Amino acid sequence: MSFPLLTATAVLPAIGAIATAAVPATKRTAAKWLALLVSVATLVLAIVVLVRFDPDGDRYQLTESHAWIADFGVRYELGVDGIGVALIALTALLIPFIILAGWHDADPQETGSKQWRPTQGYFALILAVEAMVIISFEATDVFLFYIFFEAMLIPMYFLIGGFGDRAHGSYRSAATAAEGDKAAATQRSYAAVKFLLYNLAGGLVMLAAVIGLYVVAGNFSLTEIAEARANGSLEMSTSTERWLFLGFFLAFAVKAPMWPLHTWLPNAMQESTAPVAVLITAVVDKVGTFAMLRFCLQLFPEASKWATPAIMVLAVIGIIYGALLAVGQRDIKRLIAYASISHFGFIIMGIFAMTSQGQSGATLYMVNHGISTAVLLLVAGFLISRRGSRLIADYGGVQKVAPVLAGTFLIGGLATLSLPGLAPFVSEFLVLVGTFTRYPVIGIIATFGIVLAALYTLVLYQRTMTGPLKPELAKMPDLRVREIAVAAPLIVLLVFLGVYPKPVTDIVNPAVEQTMSDVQQKDPQPEVEAAK
């Protein structure tokens, strides 16, 4: 039997999570190093998966298949296509930086009353989320995917509610520090419960659709069901396909998050530590958009085309809505959260534009958005930890005392607004081109999101980094070695993929072609007047 590489890539962080949680309470530093080493080892396995994957080979590679619940047709089936490989690599790449950036986020702290923050649990939960996300990108059995799609909510709930942001700038109106801590704890609990309820509601609807799919198809194998759909041996009425599609899509739209099912994200990101906020928007939320490509389009091609006009309208609303609300935010992390909602609108728009440029751009956008958001959020976290406040009004003139911090923050912001030469520009350009060829009006409206992105990004930089230096910031330290080690490699990657995206596009393009074939769509041909 060949080595189960995909299983190992998901199991290693799961074992690491258990081992990290088991480290004695007095050995906090050992727990941190163990979690970091496990995440690096997982990255090595992900690189091996990337190297062994052949873009010109079979659609699903490195496959594994074993009987699990045979009586109900449930199998342990794994396989990766180009899109899955790219997102596994993104996940494995970001987790070591998330752990390193959050090195002190769960240390014990005195804030009014003594609070013990279990360091081991914090890093164990991050590794657990990594394991569940990776196996979600690998699963080709619908039921297996559903289990981990839902299970990842549990560690995320505790990361949001139990390890919230220590910056209490938003609660300065409290009479005492203890009241401020209580208000912050209440907001964290609210954000965690809202996150859980929204995603559980979407998951329950999906569960009904998963059961309905089994009743129609008789099994949960993605490859078998898709093959049966393609050769006409699986009979599914139009109304049944549309209802099943809606059940799957609703769950993925909540996870994505897509307007108007997005309202849990600003609360969750605001109340989380910066590394956990990166985990949410750069890693976990990508499962939703990935699943739209893998499951919605492949299992329900006709229903996907039927729903496309409505989804395109919702996506472009999300682009403009998220950007407009980002402009008016006073909280740094809420601003980044609404910016991400706008960016996810671009990703979903690219997926359902039903063009090769749009879907390639959307997949590339998932990768590039993960990197750019990680840079911006993590550096914002470093800034917030120094001042103890998330409020934009509490900053000003930071570049005078912390030029390296200001410079990295600017690069992250410029990547967010898709400046040419940085990675997100290529993906956003492809999405807009792919959309315009089939839906020109929506493509034109979506471009206003770019203008608004420049507005909220540059205004944020101006208010925090330029102008007179506030007296409270006079002794603010610049980035430390550990923090530079977090930001610098991600910035290098942003520049590299900005000028040379070919390594990623070569991997994802064959999978995009297969998806286009699933929905029986071809790129629109330009209209050329006949020569006279």
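Everything quoted here is computed from the prediction, not taken from an experiment. Residue indices begin at 1 and follow the sequence shown.
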Between Thr505, Thr355, Asn509, which is the residue that forms a side-chain hydrogen bond (donor to acceptor under 3.5 Å, both in side chains) with Ser360? Asn509
Check the pair Leu222 / Phe295 against side-chain contact (heavy atoms from CB on, under 4.5 Å), numbers first and verdict last. CA-CA 8 Å; Leu222 171 67; Phe295 295 99; 4.0 Å; yes
What I want to find out is whether Glu271 reaches Arg390 closely enough, with some N-O distance under 4.0 Å, to be called a salt bridge. yes
Nearest 0.5 Å please: distance from the CD1 atom of Ile98 over to the CH2 atom of Trp103. 14.5 Å
Under the side-chain contact (heavy atoms from CB on, under 4.5 Å) criterion, do Arg334 and Leu325 qualify, and how do the steps go? CA-CA 9 Å; Arg334 284 186 73 90; Leu325 265 66; over 6 Å; no
To the nearest 0.5 Å, what is the distance between CD1 on Ile95 and OG1 on Thr91? 7.0 Å
Quick one: list whatever passes side-chain contact (heavy atoms from CB on, under 4.5 Å) with Leu50, sequence neighbours left out. Val85, Ile507
For Ser356, which residues count as a side-chain contact (heavy atoms from CB on, under 4.5 Å) partner, sequence neighbours excluded? Val512, Asp523
Let me confirm one number: the CD1-CE distance from Ile348 to Met292, rounded to the nearest 0.5 Å. 4.0 Å
Return the CD1 to OG1 distance between Ile134 and Thr9, rounded to the nearest 0.5 Å. 6.5 Å
What do the steps show when you test Tyr60 against Thr223 for side-chain contact (heavy atoms from CB on, under 4.5 Å), and what is the final call? CA-CA 9 Å; Tyr60 294 107; Thr223 54; 3.7 Å; yes
Donor-acceptor under 3.5 Å (Glu483 side chain, Ala101 main chain): no
Take Gln399 and Tyr461 through the test side-chain hydrogen bond (donor to acceptor under 3.5 Å, both in side chains) and record every step on the way to the result. CA-CA 10 Å; Gln399 67 181 12; Tyr461 182 82; 3.0 Å; yes
Rounded to the nearest 0.5 Å, the CG atom of Leu297 sits from the CG atom of Asp518 at a distance of 7.5 Å
Give, for atom CE of Met354 and atom NZ of Lys305, the distance between the pair rounded to the nearest 0.5 Å. 7.5 Å
Could you list all the side-chain hydrogen bond (donor to acceptor under 3.5 Å, both in side chains) pairs where at least one residue sits in residues 401-421, not counting sequence neighbours? Ser418-Glu428
Is a donor on one side and an acceptor on the other found under 3.5 Å between the side chain of Glu64 and the backbone of Leu6? yes
Could you tell me if Lys32 sits above the aromatic ring of Phe123, with its cationic atom closer than 6.0 Å to the ring centre and no more than 45 degrees from the axis? no
Salt-bridge present (Asp478, Arg386; N to O < 4.0 Å): no
For Ser221 and Asp141: C-alpha separation, side-chain torsions, deciding distance, then whether side-chain hydrogen bond (donor to acceptor under 3.5 Å, both in side chains) applies. CA-CA 5 Å; Ser221 173; Asp141 182 277; over 6 Å; no
